[in-house]
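One-based numbering along the sequence shown. Each ligand, and each atom within it, is numbered from 1 in the order the structure gives.
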Amino acid sequence: MVSYKELGLVNSREMFEKAIEGGYAVPAFNFNNMEQMQAIIQACVEAESPVILQVSSGARKYANQTLLRYMAQGAVEYAKELGKNIPIVLHLDHGDTFELCKSCIDLGFSSVMIDGSSLPYEENVALTKKVVEYAHQYDVTVEGELGVLAGIEDDVAAEHSTYTRPEDVEDFVKKTGVDSLAISIGTSHGANKFRPEQCTRNADGVLVPPPLRFDILKEIERRIPGFPIVLHGSSSVPQDMVKIINEHGGAIKDAVGIPEEQLREAAKSAVCKVNIDSDGRLAMTAAIRQHFAEKPGDFDPRKYLGPARDWLKNLYIHKCKEVLGSAGKA
Ligand code: G3H
Ligand code: 13P
Ligand code: ZN
């Protein structure tokens with residue numbers, strides 16, 4: 001049993017209190033490898049932003065959870081070495097069982113998500129409550145979820161979204177004791193967040209998605225004032241990255257994300273954690289495809305992963321400064 005406190009990590013409680021008070025959201029960036037982790041820390045140190053390092057089940061399978069935890073411990077030291085002791089949370093993304101959450105808590109994670117959103121309501125309550133009871137013994141914070149996000153990824157899959165029912169949130173929060181709540185108001189996972197027929201097209205032929213359901217968010221806030229809200233599936237799918245990928249041999253069709261202005265607006269509300277993974281995947285892929293097109297003879301991974309890491313870093317700085325408002329809040 002390792003306490004995250006010994007590793008220099010923090011839980012999300014104070015981070016979220018400050019974010020709600022300050023009208024910004026903390027970025028939650030997924031990482032699976034060293035370059036992603038370096039880019040996140042470099043960016044958040046430079047932007048002086050608090051950060052949540054997220055590990056999904058897919059990341060655990062890909063990279064090993066023990067190795068990822070040591071990388072997060074290393075991230076704390078790395079940030080100090082870069083000149084700023086920013087608050088860092090190590091969070092399990094989309095935990096689906098009590099055992100998985102427990103194993104992460106025992107290993108040194110400071111925050112876990114128990115995603116019971118696909119279960120019948122009472123089962124979601126019971127599972128979430130069980131995780132909260134265990135986590136709170138160790139001062140680990142817990143994120144629950146109500147409502148279902150659409151989108152297909154490795155380990156997170158649902159074909160249709162179901163918006164969060166505002167009439168459930170008060171009861172859920174009270175019965176489970178969760179520290180934050182992920183809601184469904186129209187975001188979804190992956191780079192194809194909407195089918196083309198759900199969108200309109202602007203003058204340049206670019207897909208424009210339907211707006212987020214701010215009315216549902218407002219009603220949720222009215223029912224649980226000041227309670228930390230989380231948005232998953234919040235990549236914006238930068239079209240310049242999609243273009244670079246497709247111009248260099250890629251085939252990403254009809255990719256559309258959540259417009260940044262809408263995320264900026266959400267960040268000013270009780271939304272205090274915004275999950276971004278796909279945009280990082282696109283930036284890395286664009287950098288690597290472009291690199292190989294320009295320098296086909298390169299075969300040293302540092303030659304193409306180095307620029308990919310720089311593109312990622314720039315993307316994350318942009319998110320902190322221009323989208324979430326977390327820059328300067330560390
Ligand atoms: O919400 C899901 C995250 O983007 C993680 O995706 O399960 O493919 O690692 P993954
Ligand atoms: P995106 O696929 O929009 O980046 O969402 C990531 C996410 O919600 C991780 O939990
Ligand atoms: Zn998610």
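- Residue contacts with ligand 1, taken as heavy atom pairs separated by less than 4.0 Å, do not involve Gln54 at all.
- Of the heavy atoms in Ser234, only backbone atoms (N, CA, C, O) come closer than 4.0 Å to ligand 2.
- At a heavy-atom cutoff of 4.0 Å, ligand 1 is contacted by the side chain of Asp93 but not by its backbone.
- Distances below 4.0 Å separate heavy atoms of Asn30 from the following atoms of ligand 2: 9 (C).
- For the pairing with Val89, the side-chain contact (heavy atoms from CB on, under 4.5 Å) check across Thr141, Leu53, Ile52 returns one residue only, Ile52.
- Considering backbone and side-chain atoms alike, Ile276 places every N or O at 3.5 Å or more from each N or O of ligand 2.
- Within the 4.0 Å heavy-atom shell around ligand 1 one finds Arg281.
- At a heavy-atom distance under 4.0 Å, no atom of Thr187 approaches ligand 2.
- Taking a cut-off of under 4.0 Å to the non-hydrogen atoms of His232, the atoms of ligand 2 that pass are 8 (O), 10 (O).
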Worked check of side-chain contact (heavy atoms from CB on, under 4.5 Å) between Val271 and Ile183: CA-CA 10 Å; Val271 169; Ile183 61 166; 5.5 Å; no
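- Formation of a donor-acceptor pair under 3.5 Å by the Asn192 side chain with backbone atoms of Lys253 is found in this model.
- Other residues, nucleotides and ligands contribute only 12 or fewer heavy atoms inside 6.0 Å of the CD atom of Glu21.
- Contact record, Ala293 with His248: CB-CD2, 3.3 Å, taken as the closest heavy-atom pair.
- Residues Phe172 and Thr128 form a side-chain contact, since some pair of their non-hydrogen atoms from C-beta on lies under 4.5 Å apart.
- No donor-acceptor pair closer than 3.5 Å links the side chain of Arg289 to the backbone N or O of Ile244.
- Every heavy atom of His232 sits 4.0 Å or more from the atoms of ligand 1.
- For His189, a nitrogen or oxygen atom sits less than 3.5 Å from a nitrogen or oxygen atom of ligand 1, counting backbone and side chain alike.
- The distance criterion of under 3.5 Å between nitrogen or oxygen atoms is not met by Asn30 with respect to ligand 1.
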If you apply the rule side-chain contact (heavy atoms from CB on, under 4.5 Å), what do you find for Val237 with Val256, and how did you get there? CA-CA 6 Å; Val237 187; Val256 61; 5.8 Å; no
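- For the pair Leu100 and Ser57, the tightest heavy-atom approach, listed with the atom from each and the gap, is CD2-OG, 3.8 Å.
- With a 6.0 Å radius and a threshold of 12 heavy atoms from other residues, nucleotides or ligands, Tyr70 has its OH atom at or below the threshold.
- For ligand 2, one of its N or O atoms has an N or O atom of Ser235 under 3.5 Å away.
- Ligand 1 places these atoms under 4.0 Å from at least one heavy atom of Asp277: 3 (C), 4 (O), 5 (C), 6 (O).
- Remark: ligand 2 and His94 share an N or O pair separated by less than 3.5 Å (distance only, no angle test).
- The shell of residues lying under 4.0 angstrom from ligand 2, judged by heavy atoms, includes Lys193.
- Take the N/O/S atoms of His232: the one nearest the Zn ion (ligand 3) is ND1.
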